[in-house]
Chemist: 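Please find one structure pasted underneath; my questions will follow.
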Protein chains: 2
Amino acid sequence: MPKLVDPHERRTLLADALLRVAAERGLMDVSLRHVAAEAGVTAGMVQHYFRTKDEMMIFALDVVAARVQARLEDDPDPRRLVRSLLVQLLPLDADRELEGRVAVAYHAYAATRPDVAARLRQDTIGMRAAVAERIRAAGHPGPLDPDVAATGLLALVEGLAVHVLGGHLAPDDALATLDAHLDLAFGTPVSTPPPAARSGSRA
Amino acid sequence: MPKLVDPHERRTLLADALLRVAAERGLMDVSLRHVAAEAGVTAGMVQHYFRTKDEMMIFALDVVAARVQARLEDDPDPRRLVRSLLVQLLPLDADRELEGRVAVAYHAYAATRPDVAARLRQDTIGMRAAVAERIRAAGHPGPLDPDVAATGLLALVEGLAVHVLGGHLAPDDALATLDAHLDLAFGTPVSTPPPAARSGSRA
DNA sequence: TCCTTCACGTTGCAGGTGCAACGTAACGGA
DNA sequence: TCCGTTACGTTGCACCTGCAACGTGAAGGA
């Protein structure tokens with residue numbers, strides 16, 4: 001065998017280019033040629049590593065899912081673990097913002113591609129179960145059923161992410177909202193720092 | 001002047017066709033020709049009523065916003081009003097499911113079109129202010145600051161809608177989650193009906 | 001009756017799309 | 001040294017895209 005190239009590395013390189021294009025110009029602008037240009041390679045090479053465009057899109061989704069998973073460091077404290085899991089789904093820094101834009105784009109994309117939808121669903125359901133389990137493990141039952149609380153937290157971060165990405169909400173407010181709901185989910189006393197100047201009437 | 005045609009009616013007809021295409025096949029499949037075919041007219045007529053594709057997209061967004069607004073009936077009870085506002089953002093029936101798919105698609109689209117983003121932002125901020133005001137009007141302070149609660153509720157329904165649309169969550173569970181959080185926001189006793197069989201391990 | 005004005009329909013174009021087919025250079029085992 | 005395999009690069013094709021340009025029929029005021 002010649003050339004000895006790690007295919008997975010190449011595919012990951014291309015997936016990164018795709019994610020950059022998707023985040024900056026939207027999924028509608030993701031084409032073989034744009035991805036190739038972004039990666040600095042020819043369109044032919046992209047075709048060499050992905051037989052079809054859909055295959056490339058799904059691989060890119062796998063890449064981000066794996067990275068989110070990898071960023072999770074084990075924490076003995078259930079609430080801290082859940083919080084770190086949820087916080088990294090919010091677009092609080094430049095990297096998460098890119099991933100957030102990609103996520104929104106993929107949710108729209110999933111509406112027409114059943115296999116993409118299945119992939120997203122699997123991730124969501126897994127996280128929900130994990131969150132519910134940690135809430136139960138925490139021991140202090142709050143006002144919410146753990147399953148309801150987990151469902152709510154997952155949906156909440158999803159919505160907060162969308163609102164922050166759209167510029168509807170300041171990142172700090174998103175974080176404060178998340179923490180307040182974490183308090184409720186974990187049955188700890190609510191300690192909402194006074195919201196800065198959130199009025200809603202000045203726009 | 002000949003032919004006497006109501007332009008707004010025609011544009012709305014085309015916008016409806018666009019919304020159907022967007023909901024069923026995704027925003028990537030929204031093209032002048034597809035919209036025209038869905039509406040049963042020629043592409044030339046579409047061009048006659050919208051000088052550019054973007055103009056058509058934004059008009060369609062205005063149409064749904066106006067409809068959501070129009071469906072709101074005044075209710076003296078703050079909580080009932082907020083609930084009816086939020087419930088209609090969930091894809092609980094076929095019509096709302098179409099609108100939900102459109103909304104997700106537009107959120108992705110807004111990432112690249114600043115004017116679309118501005119339109120969405122305006123709606124979100126308006127609703128947030130309205131919800132916060134009603135929570136305050138209700139009188140029984142709950143565990144959450146009204147602004148935080150309003151922000152949370154809006155983000156929650158956004159996320160719940162995404163999860164229901166993706167098949168990650170059953171509509172009933174979404175509704176139960178919303179009601180539980182409404183209880184918290186309005187400071188009323190939590191009355192979560194026992195969740196049916198929400199396990200998360202059966203998918 | 002004419003003739004302007006509106007409401008479309010038709011045609012065409014330059015560019016982009018996914019993808020198949022084919023070419024080729026280089027490495028490594030035989 | 002030969003030769004098969006791998007890793008690309010190149011070319012081409014059928015199709016779709018938004019949009020401009022132009023054509024046409026009818027309605028209604030003059």
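Order of the sequence lines sets the chain letters (A, B, ...), proteins ahead of strands, with each chain counted from 1.
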Chemist: Closest approach to the side chain of B/R33, judged atom by atom: which nucleotide of D/dC8, D/dT17, C/dC19 is it?
Modeler: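 So the nucleotide nearest the side chain must be D/dT17.
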Chemist: Side chain of A/R128, backbone of B/H168: donor and acceptor closer than 3.5 Å?
Modeler: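 Looks like yes, one N/O pair under 3.5 Å.
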Chemist: Looking only at side-chain atoms of A/Y49, point me to the closest of D/dC8, D/dG18, C/dC19.
Modeler: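 Taking heavy atoms from C-beta onward, the closest nucleotide is D/dC8.
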Chemist: Is it true that A/D16 and A/R67 have a side-chain N and a carboxylate O under 4.0 angstrom from each other?
Modeler: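 A/R67 and A/D16: salt-bridged.
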Chemist: What contact category does A/V30 fall into here, base, sugar-phosphate, or nothing, at under 4.0 angstrom with non-hydrogen atoms?
Modeler: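 Here A/V30 touches the backbone only, sparing every base.
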Chemist: Taking OP1 and OP2 of C/dC19, is either one under 4.0 Å from a side-chain nitrogen or oxygen of A/T52?
Modeler: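 Looking at the OP1 and OP2 atoms of C/dC19, one of them is under 4.0 Å from a side-chain N or O of A/T52.
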Chemist: Below 4.0 angstrom, N of the basic side chain to O of the carboxylate: do A/D115 and A/R119 qualify?
Modeler: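 A salt bridge is absent here (no side-chain N lies under 4.0 Å from a carboxylate O).
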Chemist: Is the backbone N or O of A/M57 less than 3.5 Å from a side-chain atom of A/Y106, with the two atoms forming a donor-acceptor pair by type?
Modeler: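 Flag set: sc A/Y106 to bb A/M57 pair under 3.5 Å.
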Chemist: Between the two end axes of the helix from C/dT1-D/dA30 to C/dA30-D/dT1, each built from 5 base pairs, what angle do you get to the nearest 10°?
Modeler: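 Axis-to-axis angle, ends of the helix: 20°.
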Chemist: Expressed as a whole number of angstroms, how long is the span from B/L14:CG to D/dG18:P?
Modeler: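 Distance, rounded to whole Å: 14 Å.
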Chemist: For the pair A/R121 (side chain) and B/G166 (backbone), establish whether a donor and an acceptor sit closer than 3.5 Å, ignoring hydrogens and angles.
Modeler: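 Between the backbone of B/G166 and the side chain of A/R121 there is a qualifying donor-acceptor contact (under 3.5 Å).
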Chemist: Contacts to DNA chain D from residues 53-63 of chain B, heavy-atom cutoff under 4.0 Å, which residues?
Modeler: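 Residues of residues 53-63 of chain B that come under 4.0 Å of DNA chain D are, in numerical order, B/K53.
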Chemist: Verify the contact: side-chain N or O of A/R10 to OP1 or OP2 of D/dC8, cut-off strictly under 4.0 Å; return yes or no.
Modeler: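 Indeed, a polar side-chain atom of A/R10 lies that close.
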Chemist: May I ask you to decide if the ring planes of B/F50 and B/F59 are parallel, tilted or perpendicular, using 30° and 60° as cut-offs?
Modeler: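 If you compare the ring of B/F50 with that of B/F59, the planes turn out tilted.
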Chemist: Would you say that A/L32 contacts A/M56 through its side chain, given a criterion of any heavy-atom pair below 4.5 Å between the two side chains?
Modeler: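 A side-chain contact exists here, since the closest heavy-atom pair is under 4.5 Å.
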Chemist: Quick one: which of C/dC19, D/dG9, D/dC8 gets closest to the side chain of A/Q47?
Modeler: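 Output: C/dC19.
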Chemist: Please state how far atom CG in B/L32 lies from atom P in D/dA20, giving the value in whole angstrom units.
Modeler: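 Checked: the CG to P distance equals 11 Å.
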Chemist: Counting side-chain heavy atoms from C-beta on, which of C/dT10, D/dG18, D/dG9 comes nearest to B/T42?
Modeler: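 Side chain of B/T42 sits closest to C/dT10.
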Chemist: Choosing from D/dG18, C/dT17, D/dA7, which nucleotide comes nearest the side chain of A/S31?
Modeler: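 My answer, after comparing the listed nucleotides, is C/dT17.
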Chemist: Using whole Å, what does the distance between atom P of nucleotide C/dT17 and atom CG of A/L27 come to?
Modeler: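 The answer, rounded to whole Å, is 14 Å.
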Chemist: In whole angstrom, give the distance that lies between atom CE of B/M45 and atom C1' of D/dT24.
Modeler: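 Going from B/M45 (CE) to D/dT24 (C1'), I get 17 Å.
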Chemist: Could you tell me whether a side-chain N or O of B/E99 sits under 3.5 Å from a main-chain N or O of B/V64, the two making a donor and an acceptor?
Modeler: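 No, the answer is negative, given that no donor and acceptor are paired below the 3.5 Å cut-off.
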Chemist: Of the nucleotides C/dA7, C/dT17, D/dC8, which has the atom closest to the A/H34 side chain?
Modeler: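 From the listed options, C/dT17 comes nearest.
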Chemist: Can you check whether A/Y49's main-chain N or O pairs, donor with acceptor, with A/R11's side chain at less than 3.5 Å?
Modeler: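 Such a contact is found between A/R11 side chain and A/Y49 backbone.
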